Structures are given as structure tokens and as C-alpha cells.
Participant: 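First, the structure itself, so that you have it in front of you.
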Amino acid sequence: MAAAEQTVEQVDLSRSTVRELNQRLHDAADGGPQSWRITHPNGLHAIGAGINAPLELEIDGHVGYYCVGMNKEATVRIHGNAGVGLAENIMSGTVTVDGDASQSAAATGRGGLVVVRGNAAARCGISMKGVNIVVEGNVGHLSGFMAQKGALVVCGDAGEALGDSIYETHIYVRGSVAELGADCIEKELGEFHTAELTGLLAEADVDANAADFRRYGSARKLYNFNIDNADAY
Amino acid sequence: MTDERTESIGMRESALFDRNVIHEIQRKAREGIYDIRGFGAKRKVPHFDDLLLLGASVSRYPLEGYRERCNTAVTLGTRFAKNPIELEIPITIAGMSFGALSAQAKEALGRGATAVGTSTTTGDGGMTEEERGHSEKLVYQLLPSRYGMNPDDLRRADAIEVVIGQGAKPGGGGMLLGQKISDRVAQMRDLPKGIDQRSSCRHPDWTGPDDLEIKIGELREITDWRVPIYVKIAASRPYFDVALAVKSGADVVVLDGMEGGTAATQDVFIEHVGIPILSAIPEAVDSLKELGMHRKVQLVVSGGIRTGADVAKALALGADAVSIGVAAMIALGDNSPEYQEEYEKLGSGAGYYDDWHEGRDPAGISTQDEELGKRFDAELGGRRLANYLRAMVLETQTLARACGKSDVRNLEPEDLVALTIEAAAMARVPLAGTKWIPGLDGKTG
Ligand SMILES: Cc1cc2nc3c(=O)[nH]c(=O)nc-3n(C[C@H](O)[C@H](O)[C@H](O)COP(=O)(O)O)c2cc1C
């Protein structure tokens, strides 16, 4: 690679606006710097939202809401904590947070991988549609609510109403589950799922043994309305 | 399907327990479940028919029909967007999902709207190629379910509509029953085929107006501030909800009254939640005026709009444009007498059919059945819709000119009177022949 391509573009958000940064990141889809280091994010919102190219981003500090929302292809590392809706509706690429993530991390994500090294708050993976999520710590209540596709891996404990009204997402939890949500049940951790889990742990660079996890998924009783299940609604 | 039976002495139908009520009690006792259906509210509520326009005479003069210009164009999204939407007519096509409607029907909506220079809207289920391809101006909805949501479609939309509520079901989520989930619908929504889809009623990644403002900020960032962002709310507390939408940064507020159509909702919801659009517009306009935002944040209203008279009256109350759902479906060919026999086989009739959730629409419009879908000719449907829209615009202009207006949006409350005390109180215009506006004792809001 030519030396020019390897240079890291530095953006200091105490000097430049999120708008300027995002415009440059969007323009990078048509050529331009591929590696970016962002400093002083200071909890600002929508940093890196709508990236549409295989960029590399390092963010030094805490980010606000919707950091790298709807990400496509980029590999992002946040050296700090993330606010609400981290990588919401992510399409592809990888987003890693060294610290904790607030509510609705990776909400409605349709692809890619989101890794939270700390804890994720309530509604982690809510309505997820194909993204894979690995949380090294705990997740809050209503995580995996109406989760449709993809996998949610929790290395710590899960809060109340885990997987409420879940569809086809695979949930793996190593610690305790405070309570399962409507139509979410424990399922056998067979060969296929062990392999999937092992792969995800490796991809997320987490040192854990798949055999220590339990698997949860949909009882599929709410898939078509049945009056006998009315009390579950 | 008119009922031939007539009441005779000694057979008195109860006003409370009429035949429909009795039928429904019997059905519930049998099936143990509420009624789900499409269409809008069927009960009578105060509506635009309860208002009249005052034509010009000596105190003000009218404009010459067919000769003097009466502008119908309106621009939506002038507050923040780089590219506001310029419409040639003040009537837009409301959001109706692919899933609820066939791909052909969505295409026809695009064709019809484009022919007369107005916009169409996606719905709960994502954007299809058919509608994008045939809609010159397409509004892309961001709903709580986020089915099919993706940044590429956001970037190729002409506007984005954050849906918070729908007039047919304020506070309710969506519903698409298993029988309408074809392979294509399932794939677009990332769900297995054939299962009921219950869209959530709250957004997954924000709660409350402070969050909404940040969410809108994210959408603007993703689209580089190019396109307008609408916020759609159901009419229930419009004074406050409109203020919060404006505070959250909306370019356009879409306000949908309780008469508004739906593809599938519980009947109890359709008929009993929310307020009529007639009563919601003045509250919304008050809210906008108090914020100094009337005409700066445009107001689009819907709920039972059928004619140019409805359009003219909605505009006179202060709306910038209207939106239609059920009327557009009927214009395409839904409930057409052509299919009378088949509607009867479904236990209904042309003019009554509202089981749009079942996916067996003989007209091929509210269905995912391939064979039924093929019956519907998108080109012809598009032409019918364009004709209907043109006729409505002519009606609107006729009324506006009669009131002396060279722009349909110059119609004003002063041009209106009410036929009933209820409508006078709700629309805040005097009862015809009086100066009386009930309820307006110096207070607003
Ligand atoms: C078949 C059908 C499907 C609809 N789907 C949606 C939808 O996906 N999203 C939405 O916001 N509103 C939806 N609506 C409501 C319309 O956008 C609009 O608010 C309503 O139809 C306006 O009232 P009207 O039908 O009386 O004109 C739907 C309405 C109908 C009739």
C-alpha cells in the first residue's frame, strides 16, 4: 500500500462539528481517507451516522446517541462509553465499544457485529433483524424484545423480560436470567448453536467457553393469534 | 346489500342494540375475539360536511372560473431541508404499506400521483422498487417496526416521515396477519413466512420529545440535511403533540384524524380512539401560530378526505395540504361494483368491503395473492387515481375562486360557517347565520 493510503485522518470534535465530520465520512465512499481517528467526541450525537464505506474509525472518548447509526461496512472502535441507540439499524461492519452501552444498543440492526466490552442497558438488541451482538457484561431489561433474526450473546447476566415476543433470534446467556419474556423459552444448546456461539465469541475476541452458556429462543406460540394464549399478550 | 326488511309495528329495533350490535355480540360469543378490519371509522362523526363555505358577493368579489388563476402548488419542508418537496397540488397520497397493498397497487399509486405532480408515501414494510420507480416524489416512513429500514432507501427518498401515530389507532401498533405474509413480504421484513406480524407501538430507540429531536438529527445527518423530515401524529392531543413535533425539529407535521383509514386494526380502536380531524386542525394551527411556525412548518392533514370540498375546508382551517388513503384505494378500483359477486362470496358487497386484512381482495389491491394481484392493472389504476385527483383539485379551485382566492391556501376560517353546534365548536367557526362560536369564550387551546 502506498504511504498516503495508510495515513490516519485526525478529526478533533472540539474544533470541528459532527456535521462536517459526517459529510467527510460520507464523501469518503467516493475516495478519500480510509482510516480515521476522532478525538473529543464529548458525548455528541450521531457521530459517524450513515457511513457507507469500509472505513476504519477509532473514537477516543464517550459518544452520545446513535453513534455510527445505520453503519454499512465500516469497522469502528469506541474507546469509551456509548449513549442510546449505538449502531442502531447497523447493516454491516463491526462496531466495538470498550466501555458500556446505554439503552437500545444495536436496535433493529440488520447485519454486522456489535461488541460491548462492558454492560449494555435496557432493550439491547430490541427488534434486531440480523445483526450479531456480543456483550461481555450484563444486559438490561427487555433485551431482545421482538428480536427477529441474528444472535444476542450475553456473557454476564440478563435483566427482566429477556426476549419478550421474540421471533427467530438466538439468545445465549452465560450468567443468570432475571426473567424470560412472553413466548421466550430455554432451548437445547445443540451442535449447530454451539458452533455458532463459538464462532461469535471468537469473532468478538472474547475468551469464553460456549458450553457455559444457555440458549433461549421463541416458543412460537404467539406466531399466529390463538385465543387460548390471550393471557400472554 | 341493502336490507330489504322494514320495521313494522310491534318490531322495534333498539337504538342501543341495533342489528349490527346484536350480530357483533353473537359473533364475539362464538369466536371469542375482537373484530379486525380495514377502512376507517364507519360511525358518523362531525366532519367537513358539517361546514359550509361562504361564497363572495358584495363585500368581497369572486374570481372568474376557468380564467383567473388559482394556484394549487405547495412546497413542503421549507424549514431545514436543502431540497423541500414541491407539489403541484395540495393533495398527497398517504403511507400505505407494501404488505397491506399489492406491489401493483403501490405502483399505481406512484403512477397516479406522479401524473399530477404530487407525492406518495411508503408504509410499514419498507420501500419497493415498484413504488420508487414510479413515484417522482416518494416519502419514506420510519416506523416503530423498522421493517425494511435501511440507509440506502433513506438516501433515495425525497422526504422522511417519522410515524408516531395513525388516526385509526392512536397509541396502537401495526398488524399484518399471516395470510398476507408472502415470501417477498417476509423477506423484506426479516420474518418467517405466514406468521402474524405485530408491529410495535413505540419506537425502539427513542422515547419522548427530547429523544425524538436527537433521532431527527441522526436522520438529517445520514441524509446530509437534504430532505425534509415529517412527523406523523394521530389526532388525540394535537395542541401539545404538534408543539412537541415542532420543538423536535420537524419540517412538516402530518396530522391524521380518527376517521383515517387503516389496513388492519381492531374495530374498537378504529371507532373509539382519537378525535375527528375537524376538531384537530384548529388546535394544531393554534399551536403552530403560538410558536410562530404556521406556514413555516407545514401542516398536512388526513382522515376521511373525499372531495374537493373536504380539501377546501381543511385548507381554510389552516392546513397546507391534505393526504388521502381510503379514497385513493377506491379510486384505484377497490370496492368496485365490477366485483359485486365476489364481494358477496366473501360475505360483503361492493361499497361495504373492509376485510383488507384477510388478503382476499377481489380487486387485487389489498392482497399479496399473486393471482388476485394480476387482476389489477397498475397503469389503468394509476390513470384512475390521476383522474380522481384532478377532479378533486378542480373542485377545490372552484370553491376557492368562489371565495375570491387566487391561491387555494388563501382560504381562511373566515370563509367558513358551521351547520351544527358541534361542528361550530370544534372547527371554531360560527354557526351559520349567527355570530356564535360555542366554547370560544375568549380562551384558546
Ligand atoms: C390500506 C392502508 C394501509 C395503511 N398503512 C399505513 C402505514 O403503513 N403507515 C401509516 O403511517 N399509515 C398507514 N395507513 C394510514 C394512512 O397513511 C392515512 O393516515 C389514512 O389512510 C388517512 O385517512 P383516509 O384513509 O381516510 O384518507 C394506511 C391506511 C390504509 C387505508
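As the structure is a computational prediction, the values presented were derived from the model and not from experiment. Proteins get letters first, then strands, A, B, ... in listed order; numbering begins at 1 in each.
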Participant: Using a 4.5 Å cut-off on heavy atoms from C-beta on, say whether the side chain of A/Glu88 contacts that of B/Arg146.
Facilitator: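 Contact flag for B/Arg146/A/Glu88 side chains = yes.
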Participant: Pick from B/Gly194, B/Ser200, B/Ser145, B/Pro151: which one has the most heavy-atom pairs with chain A under 4.5 Å?
Facilitator: B/Pro151
Participant: Please step through side-chain contact (heavy atoms from CB on, under 4.5 Å) for the pair A/Arg19 and B/Trp225, ending with a clear verdict.
Facilitator: CA-CA 9 Å; A/Arg19 178 78 288 267; B/Trp225 292 70; 3.3 Å; yes
Participant: Using non-hydrogen atoms only, which part of B/Asp152 is less than 4.5 Å away from chain A: side chain, backbone, both, or neither?
Facilitator: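 The side chain, not the backbone.
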Participant: Does B/Lys215 count as lying over the ring of A/Tyr65, i.e. NZ or CZ under 6.0 Å from the six-ring centre, within 45 degrees of the axis?
Facilitator: no
Participant: Please state whether the side chain, the backbone, both or neither of B/Leu154 comes within less than 4.5 Å of a heavy atom of chain A.
Facilitator: side chain
Participant: Can a salt bridge be assigned to the pair B/Asp205 and A/Arg123 using a cut-off of 4.0 Å between side-chain N and carboxylate O?
Facilitator: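 Result for this pair is no, no salt bridge flagged.
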Participant: With side chain to side chain donor-acceptor pair (under 3.5 Å) as the test, pick out the partner of B/Asp190 among A/Gln148, A/Lys129, A/Arg110.
Facilitator: A/Arg110
Participant: Of all heavy-atom pairs between B/Ile222 and A/His26, which one has the smallest distance, and what is that distance?
Facilitator: O-CE1, 3.8 Å
Participant: Would you sort out whether B/Trp206 and A/Val84 count as a side-chain contact (heavy atoms from CB on, under 4.5 Å), showing the intermediate values?
Facilitator: CA-CA 8 Å; B/Trp206 64 268; A/Val84 170; over 6 Å; no
Participant: Does any backbone or side-chain atom of B/Arg189 lie under 4.5 Å from a heavy atom of chain A? Answer side chain, backbone, both or neither.
Facilitator: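 Backbone only.
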Participant: Is the number of heavy atoms from other residues, nucleotides or ligands under 6.0 Å of B/Glu370 CD greater than 12?
Facilitator: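 At most 12 heavy atoms, drawn from other residues, nucleotides or ligands, come within 6.0 Å of this atom.
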Participant: Among A/Lys149, A/Met70, A/Met146, which has the most heavy-atom pairs under 4.5 Å with chain B?
Facilitator: A/Met70
Participant: Check whether any side-chain heavy atom of B/Asp224 lies under 4.5 Å from a side-chain heavy atom of A/Gln23, and answer yes or no.
Facilitator: yes
Participant: State whether the side chain of B/Arg198 and the backbone N or O of A/Ser165 hold a donor-acceptor pair below 3.5 Å, judged by distance alone.
Facilitator: no
Participant: If you look at every heavy atom in A/Tyr167 and B/Asp196, which pair is closest and at what distance?
Facilitator: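 Where A/Tyr167 meets B/Asp196 most closely, the heavy atoms are OH-O, 4.0 Å.
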Participant: Please give me the minimum heavy-atom distance between B/Glu218 and A/Gly69, naming the atom from each residue.
Facilitator: OE2-CA, 3.3 Å
Participant: Among A/Leu142, A/Asn89, A/Thr108, who wins on heavy-atom pairs under 4.5 Å with chain B?
Facilitator: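 Ranked by heavy-atom pairs under 4.5 Å with chain B, first place is A/Asn89.
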Participant: Which heavy atom of A/Glu168 sits nearest a heavy atom of B/Pro192, and at what distance?
Facilitator: CG-CG, 3.6 Å
Participant: From A/Asn224 CG over to B/Gln179 CD, what is the distance, rounded to the nearest 0.5 angstrom?
Facilitator: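 The distance works out to 8.5 Å.
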Participant: How about B/Lys296: does its NZ atom have over 12 heavy atoms from other parts shown lying under 6.0 Å from it?
Facilitator: no
